[in-house]
Amino acid sequence: MSKYFNWKNGTNQTELEEIAKILQNDGIVVFPTETVYGIGGNALSENAIKNIYKAKGRELDNPLIVHIAEKEMIKDLVQDINEIEQKIIDKFMPGPITLILPKKEIVPDIVTANLDTVGIRMPINEVARKIIEQTKLPIAAPSANISGKPSGTNIDDIREELEGRVDAFIDIGNCEIGVESTVVKVIGNTPTILRPGKITKEDLEKTIGVVNLSKKIFEKVKIGEKVESPGMKYKHYAPNTKCILVCGTDEEQIEKINKMIEKDNNICVLGFKEHKEKINTEQYIEIGSKNNFSEISKNIFTLLRKADNYKASLILIEGIEKNGLGLAIMNRLIRTCEYNII
Ligand code: TXA
Ligand code: MG
């Protein structure tokens with residue numbers, strides 16, 4: 001049995017100390033961040049890290065990111081930081097960003113899957129920070145979900161998957177952002193986004209000049225191909241039901257969906273609030289207003305799980321514009337749909 005802590009109305013010092021003890025003894029804890037919940041463990045302990053990989057069923061060649069509560073902790077974990085990296089730290093941390101930096105030996109190879117770099121993230125979420133502060137340890141944490149499934153953004157969903165696989169769950173309700181942090185690596189002298197998130201290319205460019213987007217954000221990685229971020233290789237964010245992403249103008253998307261529904265009456269649709277009346281199915285889940293990307297990102301992973309519960313023959317998902325936060329959402333949905341787009 002995993003322990004459950006309800007912190008929806010604030011943290012509790014006695015329980016915080018209990019959580020810290022669990023983490024200091026190689027236990028693993030599902031805890032909230034502003035992006036998604038994480039499965040946290042002591043980043044400096046091989047045993048704790050092994051427990052995380054096992055709980056998640058994650059491939060050992062896909063590295064974990066390390067969470068800190070104070071910028072002071074960075075210098076213990078990484079080697080030299082260049083000027084651009086320093087600017088990113090100064091301007092965007094704490095916040096929903098992960099910066100890939102050359103690691104020091106103290107970070108076990110199992111955390112970074114033998115890479116010589118480590119992803120550093122300083123969450124802004126108060127509960128995440130209090131846990132790290134109380135523990136006095138860097139905390140490695142992947143998203144809280146079984147490998148390949150949608151990330152966990154509320155504890156009910158997460159408990160269904162991870163009950164008994166972790167030592168404790170900390171519940172603060174829904175995560176604010178709902179998609180994982182922006183992953184950035186400075187390659188040569190150019191910052192490159194390996195995974196888009198709430199902090200966008202445009203946000204970064206205002207502070208640090210030209211930023212590249214990795215080509216792999218929308219391309220399928222070929223078998224054996226070398227990638228900057230191992231996570232790009234794997235199946236991701238996918239419910240059990242097959243999903244297809246529907247793209248085009250509003251009218252085109254509606255028409256494509258209605259045509260498919262005509263042929264198959266057991267299709268579930270994840271569509272915009274504005275399209276509900278125009279799409280001919282009862283199995284309709286509103287993902288939010290068409291242009292309200294924050295609303296869509298906040299709910300998307302929970303709704304993918306909900307759609308799966310319909311046990312439909314197919315889930316059709318309406319696509320959005322790939323700008324701002326829309327880029328991050330589409331990056332996740334393309335993987336959800338395993339690159340099936342109509
Ligand atoms: O918002 C987030 O980032 C959440 C919360 C819990 O902080 N965490 C998260 O972790 O999304 P995870 O493990 O699900 O995704 C981390 C991604 C993976 O795609 C991994 O391959 C990549 O970051 N990554 C980690 N370390 C890396 C490294 N040294 N070089 C390149 N990519 C790395
Ligand atoms: Mg993940």
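These numbers come from the heavy atoms of this one structure, side chains and all, not from hydrogens, waters or symmetry mates. This chain uses plain numbering: 1 for the first residue, then up along the sequence. For clarity, every value in this text was computed on a predicted model and none was experimentally measured. Read the numbers this way: they start at 1 and go in the same order the structure lists the ligands and their atoms.
Counting heavy atoms closer than 4.0 Å to ligand 1, residue Arg121 contributes side-chain atoms (C-beta onward) but none from N, CA, C or O. By the criterion of a heavy-atom distance under 4.0 Å, neither the backbone nor the side chain of Met232 is placed next to ligand 1. If you look at Leu115 next to ligand 1, the close heavy atoms, those under 4.0 Å, all belong to the side chain. Counting heavy atoms under 4.0 Å from ligand 1, residue Ala141 touches it through the backbone alone. In Arg58, the part holding a heavy atom less than 4.0 Å from any atom of ligand 1 is the side chain.
Contact annotation: Thr112 has no heavy atom less than 4.0 Å from any atom of ligand 1. Close to ligand 1: His67, with a non-hydrogen atom less than 4.0 angstrom away.
Judged by the 6.0 Å and 45° rule, Lys130 forms no cation-pi pair with Phe31.
Salt-bridge formation is not detected for the pair Lys136/Glu70: no Lys NZ or Arg NE/NH1/NH2 atom is positioned less than 4.0 Å from an Asp or Glu carboxylate oxygen. A salt bridge links Asp61 and Lys233; the closest N-O separation between the charged side-chain nitrogens and carboxylate oxygens is under 4.0 Å. A salt bridge links Lys259 and Glu255; the closest N-O separation between the charged side-chain nitrogens and carboxylate oxygens is under 4.0 Å. Note on Lys103 versus Asp109: salt bridge recorded, some NZ/NE/NH1/NH2 to OD/OE distance being below 4.0 Å.
Nearby protein atoms of type N, O or S around the Mg ion (ligand 2) amount to 1 (distance under 2.8 Å).
In this structure, atom 8 (N) of ligand 1 lies nearest to the protein heavy atom Ile65 CD1, 3.6 Å. Given atom 3 (O) of ligand 1, the protein heavy atom at minimum distance is Ser181 OG, 2.5 Å. When only non-hydrogen protein atoms are considered, atom 4 (C) of ligand 1 lies nearest to Val36 CG2, 3.7 Å. From the protein, the heavy atom lying nearest to atom 6 (C) of ligand 1 is Gly38 CA, 3.6 Å. What sits closest to atom 17 (C) of ligand 1 on the protein, heavy atoms only, is Arg195 NH1, 3.7 Å. The protein atom (non-hydrogen) at minimum distance from atom 26 (N) of ligand 1 is Pro63 CG, 3.4 Å.
Around atom CG of Asp80, no more than 12 heavy atoms belonging to other residues, nucleotides or ligands sit under 6.0 Å away. Around CG of Asn258, the count of heavy atoms belonging to other residues, nucleotides or ligands within 6.0 Å exceeds 12.
Under a 4.0 Å criterion applied to the non-hydrogen atoms of Ser229, ligand 1 contributes the atoms 19 (O), 20 (C), 21 (O), 22 (C), 24 (N), 31 (C), 32 (N), 33 (C). The Thr117 neighbourhood of ligand 1 comprises atoms 28 (C), 29 (N), 30 (N), with distances under 4.0 Å to a heavy atom of that residue. Each of the following atoms of ligand 1 lies closer than 4.0 Å to a heavy atom of Gly231: 19 (O), 21 (O). Interface atoms of ligand 1 facing Asn62, defined by a heavy-atom separation under 4.0 Å, are 18 (C), 20 (C), 21 (O). The distance from ligand 1 to the heavy atoms of Ile100 drops below 4.0 Å at these ligand atoms: 27 (C), 28 (C), 29 (N), 30 (N), 31 (C), 32 (N), 33 (C). Less than 4.0 angstrom separates some heavy atom of Glu228 from each of these atoms of ligand 1: 31 (C).
Looking at Ser143 next to ligand 1, an N or O pair under 3.5 Å apart turns up.
The backbone N or O of Lys54 lies less than 3.5 Å from no partner atom in the side chain of Arg58, so there is not a single donor-acceptor pair. Not a single donor-acceptor pair under 3.5 Å links the side chain of Arg159 to the backbone N or O of Tyr4. For Thr192 (side chain) and Asn212 (main-chain N/O), no donor-acceptor pair under 3.5 Å exists by modelled atom type.
Ile334 and Val246 are members of different hydrophobic clusters when ILVMFWY side chains are connected at heavy-atom separations under 4.5 Å.
Just one of Asp76, Ile139, Leu77 meets the side-chain contact (heavy atoms from CB on, under 4.5 Å) condition when paired with Leu44; it is Leu77.
Contact detail for Gly326 and Phe293: the closest heavy-atom pair is N-CD1, 3.3 Å.
Interatomic distance, Leu162 CG to Ile39 CD1, rounded to the nearest 0.5 Å: 5.0 Å.
Side-chain N/O atoms of Asp203 and Thr200 include a donor and acceptor closer than 3.5 Å.
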Could you list the donor-acceptor pairs under 3.5 angstrom formed between side-chain atoms of residues 237-244 and any protein atom two or more places apart in sequence or on another chain?
residue, atom, partner, partner atom, Å
Asn240, OD1, Lys149, NZ, 2.9
Thr241, OG1, Asp308, OD1, 2.5

